[in-house]
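When reading the values below, keep in mind they use all heavy atoms of this one structure, side chains included, and skip hydrogens, waters and symmetry mates. Quick caveat: nothing in here was measured; it's all calculated off a predicted structure.
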Amino acid sequence: MHSLPIFVRLQGRHVILVGVGEAADAKRRLLERAGAIVVGENIGESAARLAIVVDDDAAVARLKARGVLVNAVDRPELCDFTLPAIVDRAPVLVAIGTGGASAGLAAALRQRLEALLPASLGRLADALFAARPAWRARYPEAGARRRAIAAALAPGGTYDPLQPASLLGTPPEQDGVAESNVVSMTLHSRDPDDLTLRQARLLANADCVTHAADVPAAILNRARADADRIACDTPPAGLSGLVVDVRMA
C-alpha cells in the first residue's frame, strides 16, 4: 500500500488551512463538517498537527519543518496525507483514495457507491452496535461470534448491508453458521480478481489461512489482517476456528 488509510477524529482539534478560493472553501467545509477548528498558519506551533495548503509551496515547507503533516492540494508529491472521496452513511464512512493519482476516478467511484449503499446502512450499524451484548451472550467465543455476524451480513442474510431484511441488529434465530473445519481452496490463477465470490468470503472470514509457499501475497492479503497465516505442506493439527487451506493448482 502506498498509504495507510486511517480515520482521524478532529472534533474540537485545530487544523491549519492555508489558501483562498474555491478549493480552500471546499476544504474548510469538509474540516468543519468533521468538527475541526480551522485556524491559520500562525497558530501556536503546538496547537495543530495537520494542515491543508492550497497553492503555497513555501507554506508547505514551513509547516513540514514544524513537524506538521501536510496535504498540499493538487500536489500529491508534496502530500504527507491525502483526502479521500467520502460516502457518508453515518456512522458508516466509506473512503475512496487514489493517493492523489486521480481525484476524478475517486469521485466516479464515490458516485457508484452512493447509488449502491442504502440510506438504512447507518441505522443498521447503530443497531448492531447496540446489540453487541446480545451477540456476546449468544456466542461467548469470539471466533464463533465473528462467523455468526459474517453469516448474518452475507448476501441474502438477515442483515445483508445492501438489502437488510431487518434493522434490529440482534442475533437472528437461525444463523446458518457451519461448525469449525478446514476448507481446502485450489486456485487456478494468481490474480486476486479471479477469486470466486465463495473463495473471497472464505478468506475474509478465516481465523487461520494455511498455504503453500507459492501462493501470491496478493491472494493472502484478501484475508483478515488478524487471521493467522501459516506456510506449510499440510495444515497442522489442532487449529481452531475456520481454517482455509490455499494451494495453487
How far apart are the closest heavy atoms of [X] and [Y], and which atoms are they?
| X | Y | result |
| --- | --- | --- |
| V244 | A206 | CG2-CB, 3.6 Å |
| A106 | I96 | CB-O, 3.7 Å |
| P172 | T158 | CB-OG1, 3.6 Å |
| G99 | H2 | CA-CE1, 3.4 Å |
| A107 | A85 | N-CB, 4.3 Å |
| L124 | L167 | CB-CD2, 3.9 Å |

With a 4.5 Å limit on heavy-atom distance, are the side chains of [X] and [Y] in contact?
| X | Y | value |
| --- | --- | --- |
| L242 | V183 | yes |
| M248 | H211 | no |
| V87 | V92 | no |
| V215 | L220 | yes |
| L195 | I219 | yes |
| V15 | L10 | yes |
| L153 | P161 | yes |
| V70 | C79 | no |

Reference residue R222; test salt bridge (charged side-chain N to carboxylate O under 4.0 Å, His left out); the match among D194, D191, D193:
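That would be D193; it is the only one of D194, D191, D193 passing the salt bridge (charged side-chain N to carboxylate O under 4.0 Å, His left out) with R222.
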Does anything in residues 50-64 form a side chain to side chain donor-acceptor pair (under 3.5 Å)? List the pairs, not counting sequence neighbours.
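Qualifying pairs, neighbours excluded: E41-R62, D57-R75.
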Can you tell me how far the CD atom of Q199 sits from the CG atom of L203, to the nearest 0.5 Å?
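The distance works out to 7.5 Å.
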CZ of R132 to CZ of R145: how many Å apart, nearest 0.5 Å?
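If we round to the nearest 0.5 Å, R132:CZ and R145:CZ are 9.0 Å apart.
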After noting the C-alpha distance and the side-chain angles of L83 and L30, does the key distance pass the side-chain contact (heavy atoms from CB on, under 4.5 Å) rule?
CA-CA 10 Å; L83 297 176; L30 182 63; 4.2 Å; yes
Donor-acceptor under 3.5 Å ([X] side chain, [Y] main chain):
| X | Y | result |
| --- | --- | --- |
| R28 | V38 | no |
| Y159 | T170 | yes |
| W135 | G169 | yes |

Quick check on the hydrophobic clustering: are [X] and [Y] connected, directly or via other members, by side-chain heavy-atom contacts under 4.5 Å?
| X | Y | answer |
| --- | --- | --- |
| L31 | F81 | yes |
| L93 | L117 | no |
| M1 | V8 | yes |
| L63 | L17 | no |
| L78 | L50 | no |

Go through it in stages, so that I can follow the logic: the residues are R66 and I16, the test is side-chain contact (heavy atoms from CB on, under 4.5 Å), and I'd like the CA-CA distance, side-chain angles, deciding distance and then a yes or no.
CA-CA 12 Å; R66 287 168 45 182; I16 296 168; 3.9 Å; yes
Got more than 12 heavy atoms from elsewhere within 6.0 Å of [atom1], [X]?
| X | atom1 | value |
| --- | --- | --- |
| D214 | CG | yes |
| Q163 | CD | no |
| R13 | CZ | no |

Show the numbers, then the answer: is there a salt bridge (Lys or Arg N to Asp or Glu O under 4.0 Å) between R33 and D88?
CA-CA 11 Å; R33 184 175 164 190; D88 188 355; 3.0 Å; yes
Just to verify, what does R224 make a salt bridge (charged side-chain N to carboxylate O under 4.0 Å, His left out) with, not counting sequence neighbours?
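Partners of R224 under the salt bridge (charged side-chain N to carboxylate O under 4.0 Å, His left out) test: D207, D226.
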Test of understanding: with salt bridge (charged side-chain N to carboxylate O under 4.0 Å, His left out), list the residues that count as partners of R247, not counting sequence neighbours.
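R247 satisfies salt bridge (charged side-chain N to carboxylate O under 4.0 Å, His left out) with D245 once adjacent residues are dropped.
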Below 4.0 angstrom, N of the basic side chain to O of the carboxylate: do E114 and R89 qualify?
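Yes, charged N to carboxylate O under 4.0 Å.
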Flag the pair D80 and R49 as a salt bridge only when some basic side-chain nitrogen lies within less than 4.0 angstrom of an acidic carboxylate oxygen.
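Salt bridge absent between D80 and R49.
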Between E141 and R146, is the side-chain contact (heavy atoms from CB on, under 4.5 Å) condition met? List the steps.
CA-CA 9 Å; E141 196 274 316; R146 181 182 51 74; over 6 Å; no
List for me each residue that meets side chain to side chain contact (heavy atoms under 4.5 Å, CB included) alongside [X], sequence neighbours excluded, and say none if there are none.
| X | result |
| --- | --- |
| A24 | V54 |
| P118 | S120, L162 |
| L239 | C208, T210, I230, P236, V243 |

